[in-house]
Amino acid sequence: MSPITWYQFVAALLLGLGLFGLVSRRTLVGMLISVELTLNGAGLSIAAAAQLTDMDAVLGQLGTLFVMGLAAAEATLVLAILVIVSRRFKNTQTDSVSELRG
Amino acid sequence: MSMELVGKIAFWFYTLVIVSGGALAVTSPSLVRAMMGLIATLFGVAGMYLLLNAPLLAFMQLLIYVGAVSVLIFFAIMFTRASAEGDESAEGGLWVQARSVLAFALPAGVLGLTAFLAAPASIPVPVEVAADKLGQGLLGPYTLAFELISIVLLAAMAGAVLLAFEKRGRK
């Protein structure tokens, strides 16, 4: 198997672990940690595809950097949302944030 | 020992770090321990970037993720007064576990199979890109994306401050 396949396996594994956590976690902080795992998998996949094929390597590395920037922005916003949720509901269990449930 | 063998050993070592850290991050009942697992995974991915001959990416991974994002998540744990034990300790039912395993296996399996069946011809030695080439890319063909990501970061920061701001005296 070519090297890029192994890197893509690791990236898919990171995505799968992140989705696993996203479904199984019951607090918002745990879900945030899982999303970070998923985004890391995306970055690794883009970087591997750029570095190990004939693709423009500059584009790939910059794409990975943009994924990191988006992850930072997302983490900031989720922190703010967590502060609000914990202020209003006194905890961050996902089950307690269900006022709109019918 | 040939360099190729060293590279393979390093790859499997980083994979081990990533998998064990990730497993700890998504299964540990204590959120602080899950955070430690996430940090181990981030270090492993940084090592992968080094193996891919992208030292700038590895450095940024350490700087942004290990340095900034993990501190943010620690703040999140602190602000929400998550207890060190027990937030995640309640056992989910069989259905929760089944759908979690499904959420892991389905996308990872499909993507892994695709990567296996439709593997592109890969070059044996990763391309090396100097940091100044990346800078020229940011200021040349990819200026729009660069400016947009700064706007996104600014909006996220301003929005976070606006959301979490509490007027003095109001309870």
Side-chain angles (χ1 to χ4, degrees), chain A residues 1-10 12-27 29-30 32-34 36-37 40 43-44 47-48 51-54 57-59 61-62 64-66 68-84 86 91-92, chain B residues 11 15 18-19 22 25-26 31 34-35 38 41-42 45 48-49 52-54 57 60 64-65 68-69 72-73 75-77 79-80 82 87-88 92 96 99-100 103-104 107-108 111-112 115-116 119-123 126-127 129 133-134 137-138 142 145 149 152-153 156-157 159-160 163-164:
Chain A
M1 264 194 295
S2 53
I4 187 171
T5 314
W6 289 109
Y7 283 102
Q8 300 293 9
F9 277 165
V10 175
L13 202 69
L14 271 173
L15 170 81
L17 277 173
L19 290 175
F20 177 90
L22 210 54
V23 174
S24 67
R25 283 300 196 190
R26 54 185 70 232
T27 63
V29 181
L32 173 60
I33 292 176
S34 308
E36 295 300 333
L37 278 181
N40 255 283
L44 181 61
Q51 296 293 99
L52 292 173
T53 61
D54 294 332
V58 173
L59 176 60
Q61 293 207 15
L62 290 181
T64 308
L65 284 178
F66 288 145
M68 287 182 195
L70 283 180
E74 170 257 358
T76 319
L77 275 180
V78 172
L79 176 61
I81 293 171
L82 273 171
V83 169
I84 304 233
S86 72
N91 64 46
T92 53
Chain B
F11 178 85
T15 307
I18 287 175
V19 170
V26 294
L31 283 176
M35 198 53 228
L38 178 65
T41 308
L42 297 177
V45 175
M48 287 287 187
Y49 288 148
L52 283 170
N53 210 353
L57 283 187
M60 284 301 140
I64 298 178
Y65 271 113
V69 172
L72 265 181
I73 300 180
F75 268 120
I77 297 176
F79 278 150
T80 58
D87 268 317
E88 299 274 354
V96 173
R99 73 186 178 192
S100 306
F104 168 79
L111 283 180
F116 180 67
S122 74
I123 44 184
V127 192
V129 180
K133 287 274 183 303
L134 287 177
L138 276 180
Y142 307 116
I149 196 99
V152 166
L153 277 169
M157 248 189 329
L163 275 177

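On a predicted model such as this, the values are computed, not experimentally measured, just so you know. Protein chains get the first letters and strands the later ones, always in sequence-line order, with residue 1 at the start of each.
Nearest heavy-atom pair across A:G43 and B:Y49 is C-OH, 3.2 Å. When all heavy atoms of A:A72 and B:V69 are compared, the closest pair comes out as CA-CG2, 4.1 Å. When every heavy atom of A:L62 is checked against every heavy atom of B:G137, the shortest pair comes out as CD1-C, 4.0 Å. Listed here is the closest heavy atom pair of A:L52 and B:P126: CD2-CG, 3.9 Å. Here the closest heavy-atom approach between residue A:V23 and residue B:A103 is recorded as CG2-CB, 3.6 Å. Residues B:A119 and A:T5 share a closest heavy-atom pair of CB-OG1, 3.5 Å.
Note that the CG atom of B:L163 and the OG1 atom of A:T76 stand 11.5 Å from one another [nearest 0.5 Å]. In this structure, the separation between CG on A:L70 and CD1 on B:I149 is 4.0 Å, given to the nearest 0.5 Å. To the nearest 0.5 angstrom, B:F116 atom CZ is 14.0 Å from A:Q8 atom CD. Rounding to the nearest 0.5 Å places CG of A:L32 at 8.0 Å from CE of B:M35. Note that the CD1 atom of B:I73 and the CG atom of A:L82 stand 9.5 Å from one another [nearest 0.5 Å]. Note that CD of A:Q61 is 5.0 Å distant from CG of B:L134, once rounded to the nearest 0.5 Å.
Using a 4.5 Å cut-off between heavy atoms, B:L38 touches chain A through its side chain atoms alone. Both the backbone and the side chain of B:A145 come within less than 4.5 Å of a heavy atom of chain A. A:L15 touches chain B through its side chain: at least one heavy atom from C-beta onward sits under 4.5 Å away, while N, CA, C and O do not. Contacts of A:F66 with chain B are made by both backbone and side-chain atoms, with heavy-atom separations under 4.5 Å.
Contact annotation: the side chain of A:L17 approaches that of B:F104 to within less than 4.5 Å [non-hydrogen atoms, C-beta and beyond]. No side-chain heavy atom of B:L72 sits under 4.5 Å from any side-chain heavy atom of A:V78. Side chains of A:N40 and B:T41 form no contact here, defined as non-hydrogen atoms less than 4.5 Å apart.
Chain A forms the most heavy-atom pairs under 4.5 Å with one residue out of B:L153, B:I123, B:L42, and that residue is B:I123. Highest contact tally toward chain B, considering only A:L14, A:L77, A:I33, is held by A:I33 [criterion: heavy-atom pairs under 4.5 Å]. Of the listed residues (B:T15, B:V45, B:L111), the greatest number of heavy-atom pairs within a distance under 4.5 Å of chain A belongs to B:V45. Of the listed residues (A:I81, A:D54, A:L37, A:L22), the greatest number of heavy-atom pairs within a distance under 4.5 Å of chain B belongs to A:L37. Put simply, of B:P120, B:G159, B:A68, the one with the most heavy-atom pairs under 4.5 Å next to chain A is B:P120. Counting heavy-atom pairs closer than 4.5 Å to chain A, the top-ranked of the candidates B:S122, B:A164, B:A156 is B:S122.
Below 30°, between 30° and 60°, or above 60°: for A:Y7 and B:F11 the angle between ring planes is above 60°, a perpendicular geometry.
Screening B:V129, B:L138, B:V127 against A:V58 for a side-chain contact (heavy atoms from CB on, under 4.5 Å) leaves a single residue, B:V129.
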